[in-house]
Enquirer: 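Input: one structure, supplied below.
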Amino acid sequence: MVSVNIALAQLRVSDSKTSNFKRAREMVLEASHRGAQIVVLPESFYTPMGSSDCAAYAELIDGKQLGEAAQALSDMAKAAKVFLVGGSIYEKSAQGPAIFNTCTVWNPEGELILKHRKVHPYAQYHDGHLTGEVDAITAGRDISEFATPWGKFGVAVCNDVRYAEMAMVSARNGCVGMIYAAAHPAGRWAAHWEILLRARALDNLVFVAGCNPAKDTNAGFVPCGQSMVVSPVAETVAAAGDGEELVIAEMDLDLIQAARNEFPLYRQRRFDVYRDVTAAN
Ligand SMILES: NC(=O)CCC(=O)C(=O)O
């Protein structure tokens with residue numbers, strides 16, 4: 001059996017950058033102590049999601065000279081000796097005023113191995129135009145994956161989970177799982193979170209892990225908690241409640257082939273019939 005232990009650090013994100021770094025580090029170290037080999041932090045783990053001034057938090061991420069948040073993540077990964085999917089940090093562009101919502105991935109030596117810029121900043125459509133996170137954040141352009149000794153994983157940020165195509169591309173590239181660093185909101189659409197994670201698993205018969213911050217009803221943006229790992233057949237492997245919690249799950253990668261024998265999507269898929277979805281309106 002090939003298996004890998006993943007931890008989701010559902011931390012309570014406060015207004016204090018310093019205490020967010022400290023708490024994230026404590027949870028990452030605890031996860032490692034409890035056997036995790038991959039640890040995931042939530043989107044915007046060091047500042048409450050929706051902070052009006054992303055620019056004030058933004059830093060360059062070039063892998064050479066690390067900013068404060070990137071350095072903290074590198075140190076955590078190295079100290080814990082884990083692959084760290086570092087939630088997200090606001091990234092300045094070296095070329096201009098753009099700011100990206102970027103998930104960084106660090107290897108157990110503390111080296112930057114991946115940068116995923118959120119491809120679908122959150123938006124609503126009103127009066128003929130998109131508003132919301134899109135007002136402040138520039139969309140990334142890439143599908144992102146990283147290799148581990150246990151297999152490749154696709155990485156995306158929160159709202160990217162609504163776009164089935166991204167996970168499908170990574171699964172078809174051979175990824176064994178999708179990892180979402182997220183801050184899914186509590187409230188009317190909270191139930192979508194679990195449905196979306198299970199859907200991405202079933203679409204592709206891969207593991208799916210999604211990490212949110214803990215629910216905090218005093219925050220301006222209230223996340224829903226409910227971080228979760230689901231199996232390739234969309235069963236719950238481990239799930240958090242609302243509060244601060246470390247979720248640890250063993251992913252038995254043999255379940256992927258078993259799922260694909262039960263549901264032979266990779267043999268019956270008919271790209272000759274639905275060759276090009278971009279051709280439809
Ligand atoms: N952090 C986000 O991208 C929020 C996404 C969201 O509100 C939704 O998908 O619903």
Side-chain angles (χ1 to χ4, degrees), residues 8-15 20 24 40-55 57-58 69 85-91 98-105 115-126 129-144 154-168 170 178-203 208-228 230 239-240 242 244:
L8 310 178
Q10 181 170 289
L11 63 116
R12 184 175 300 282
V13 177
S14 74
D15 288 333
N20 292 329
V40 187
L41 292 170
E43 180 179 23
S44 188
F45 77 98
Y46 65 130
T47 166
M49 187 67 199
S51 299
S52 52
D53 197 5
C54 310
Y57 290 94
V85 179
S88 75
I89 55 188
Y90 295 111
E91 181 192 5
I99 297 181
F100 303 96
N101 185 347
T102 301
C103 178
T104 54
V105 182
K115 232 172 50 163
H116 172 74
R117 293 171 168 169
K118 189 176 189 176
V119 172
H120 307 94
Y122 184 65
Q124 290 180 330
Y125 188 66
H126 287 302
H129 62 273
L130 296 170
T131 61
E133 191 186 17
V134 279
D135 298 331
I137 298 295
T138 300
R141 302 176 58 86
D142 296 310
I143 299 281
S144 304
V155 171
V157 176
C158 201
N159 196 40
D160 288 339
V161 74
R162 290 192 182 272
Y163 297 84
E165 298 83 352
M166 284 184 73
M168 183 168 279
S170 288
M178 278 302 295
I179 299 176
Y180 294 96
H184 191 89
R188 187 169 173 208
W189 307 122
H192 288 189
W193 169 246
E194 187 178 330
I195 295 166
L196 287 164
L197 297 180
R198 293 192 199 280
R200 297 297 79 84
L202 276 186
D203 292 341
V208 176
C211 183
N212 280 322
K215 188 170 186 175
D216 177 0
T217 48
N218 296 319
F221 172 93
V222 183
C224 69
Q226 315 292 328
S227 298
M228 184 178 281
V230 300
D242 289 352
E244 190 168 84

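Counting starts at 1 for both ligands and their atoms, following the listed order.
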Enquirer: Side chains of Asn101 and Tyr90, heavy atoms from C-beta outward: is any pair under 4.5 Å?
Expert: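 Contact flag for Asn101/Tyr90 side chains = yes.
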Enquirer: Identify the heavy atoms of Ala214 and Gln10 that sit nearest to each other, and give their distance.
Expert: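 What the structure gives for the nearest pair is N-CG, 3.5 Å.
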Enquirer: Pick whichever of Gly132, Cys224, Cys158 has a heavy atom sitting closest to atom 2 (C) of ligand 1.
Expert: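 Considering heavy atoms of Gly132, Cys224, Cys158, the nearest to atom 2 (C) of ligand 1 sits in Cys158.
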Enquirer: Any idea which atoms of ligand 1 are less than 4.0 Å away from a heavy-atom of Asn159?
Expert: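 Ligand 1 atoms under the 4.0 Å threshold to Asn159: 3 (O), 9 (O).
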Enquirer: What residue and atom, counting heavy atoms only, is the protein's closest point to atom 5 (C) of ligand 1, and at what distance?
Expert: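 Looking at atom 5 (C) of ligand 1, the protein heavy atom closest to it is Tyr122 CD1, 3.5 Å.
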Enquirer: Between Ala183 and ligand 1, is there a nitrogen or oxygen pair with a distance under 3.5 Å?
Expert: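 Yes; at least one N/O pair falls below 3.5 Å.
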Enquirer: Which of these, Arg200, Met166, Glu165, sits in a side chain to side chain contact (heavy atoms under 4.5 Å, CB included) with Asp160?
Expert: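 It is Met166, the one option of Arg200, Met166, Glu165 that forms the side chain to side chain contact (heavy atoms under 4.5 Å, CB included) with Asp160.
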Enquirer: Between Gln124, Arg162, Glu43, flag the one that comes closest to atom 9 (O) of ligand 1 by a heavy atom.
Expert: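 Of the listed residues, Arg162 has the closest heavy atom.
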Enquirer: Quick check: closest heavy atoms across Ala136 and Cys54, and the distance to 0.1 Å?
Expert: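 In terms of heavy atoms, the two residues are closest at CB-SG, 4.2 Å.
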Enquirer: Suppose I only count heavy atoms of Met49 and a 4.0 Å limit; which atoms of ligand 1 are within that range?
Expert: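 Taking each heavy atom of Met49 in turn, ligand 1 has 1 (N) under 4.0 Å.
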Enquirer: Nearest non-hydrogen atom to atom 3 (O) of ligand 1 belongs to which of Lys118, His184, His120?
Expert: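 The residue whose heavy atom sits nearest atom 3 (O) of ligand 1 is Lys118.
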Enquirer: Compare all side-chain heavy atoms of Phe221 with those of Pro48 and state whether any distance is below 4.5 angstrom.
Expert: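 A side-chain contact under 4.5 Å is absent here.
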Enquirer: Do other residues, nucleotides or ligands put more than 12 heavy atoms under 6.0 Å from Asp135 CG?
Expert: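 Counting neighbours around CG of Asp135, more than 12 heavy atoms of other residues, nucleotides or ligands fall under 6.0 Å, so yes.
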